[in-house]
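One structure below.
Source: prediction; values computed, not measured. Note that ligands are numbered from 1 as they come in the structure, with each ligand's atoms numbered from 1 the same way.
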Amino acid sequence: MAIREIIILPDRQLRLVSKPVEKITSEVRTLADDMLETMYAAPGIGLAAIQVAQPLRLITMDLARPDENGETKPLPRVFINPEILSHSEETSVYEEGCLSIPEYYEQVERPAKVRVRFTDIDGKVHEEDAAGLYATCIQHEIDHLNGVLFIDYLSKLKRDRVFKKFEKAAKRAAE
Ligand code: GNR
Ligand code: NI
């Protein structure tokens, strides 16, 4: 396993529409393992393949919470070619962040519940109802697969301000 570099704004690869995974090859399994390791190291609760510069419809996630003893067991999950089948009318607001937009957090309103279909790393197809943080996170990650970032839901003023800040930082770093 290896930690891969997470690309950040203003990297234009973040705007690519990722391609479906056609076959779960050893390369795909290695990518998923590396993404989990990269996600845990960051640390983050989700990661889309494009964030490590691979334009494939592949997501990793771990939403494990501490149990009654205060212990948190890892719950690594891999979603291949995930799709939202339906979503609730009801919405909820979460403060979101993104490893590709470091240290910036804003409230985002999204459907509170979604039904998702995905293939797991063994090729088995699943359908699940997601609510709470799971619903928010899977929507955030599927957005990445479509080149969409959470800042796209903010006002143009806020979005432009964040984008320019990262553009300036990249220019300074290149000097
Ligand atoms: O680590 C992350 N936390 C988070 C918090 C609220 C809503 C979405 C997320 S996903 C984010 C990691 C990331 O950038 N995934 O694409
Ligand atoms: Ni993100």
Taking only non-hydrogen atoms of Met39, do any sit less than 4.0 angstrom from ligand 1?
no
So, Tyr153 versus Glu106: side-chain donor-acceptor pair below 3.5 Å or not?
no
4.5 Å side-chain heavy-atom contact, Ile151 and Ile101:
yes
Could you list the atoms of ligand 1 found under 4.0 angstrom from a heavy atom of Cys98?
14 (O)
Protein contact to atom 12 (C) of ligand 1 [nearest heavy atom, distance to 0.1 Å]
Gly46 O, 3.1 Å
Quick one: hydrophobic cluster around Val21, which other residues, with the 4.5 Å side-chain cut-off, linked directly or via members?
Ile6, Ile24, Val28, Leu31, Met35, Leu36, Met39, Tyr40, Leu47, Val52, Leu56, Leu58, Val78, Ile80, Leu99, Ile121
Nearest non-hydrogen protein atom, atom 7 (C) of ligand 1:
Glu96 CG, 3.5 Å
Angular separation of NE2 (His140) and NE2 (His144) seen from the Ni ion (ligand 2), to 10°:
100°
Sidechain-backbone polar pair: Glu141 side chain, Ile138 backbone, donor-acceptor under 3.5 Å:
no
Side chain or backbone, does Glu95 bring an N or O within less than 3.5 Å of an N or O on ligand 1?
no
Side chain or backbone, does Cys137 bring an N or O within less than 3.5 Å of an N or O on ligand 1?
no
Test side-chain hydrogen bond (donor to acceptor under 3.5 Å, both in side chains) applied to Arg15 and Asn146, step by step:
CA-CA 7 Å; Arg15 294 309 190 177; Asn146 295 323; over 6 Å; no
Are the charged groups of Arg117 and Glu128 less than 4.0 angstrom apart, N to O?
no
Which atoms of ligand 1 are found less than 4.0 Å from any heavy atom of Gly44?
1 (O)
Within 4.0 Å of some non-hydrogen atom of His144, the atoms of ligand 1 are 16 (O)
Has the side chain of Asp62 got a donor or acceptor atom that lies under 3.5 Å from a matching backbone atom of Leu75?
yes
Give the residue, atom name and distance (to 0.1 Å) of the protein heavy atom nearest atom 14 (O) of ligand 1.
Leu99 N, 2.8 Å
Return the residue, atom name and 0.1 Å-rounded distance of the protein heavy atom closest to atom 9 (C) of ligand 1.
Gly97 O, 3.6 Å
Suppose we measure from atom 8 (C) of ligand 1 to each protein heavy atom; which comes out shortest, and what is that distance?
His140 ND1, 3.6 Å
for atom 10 (S) of ligand 1, nearest protein heavy atom and its distance come out as Glu141 OE2, 3.5 Å
Quick one: do Arg110 and Asp143 make a salt bridge, cutoff under 4.0 Å?
yes
Are Tyr94 and Glu109 close enough, and set up right, to give a side-chain hydrogen bond (donor to acceptor under 3.5 Å, both in side chains), and what steps lead you there?
CA-CA 7 Å; Tyr94 266 91; Glu109 185 176 11; over 6 Å; no
How far is atom 3 (N) of ligand 1 from its nearest protein heavy atom, and which residue and atom name does that atom have?
Ile45 CG1, 3.3 Å
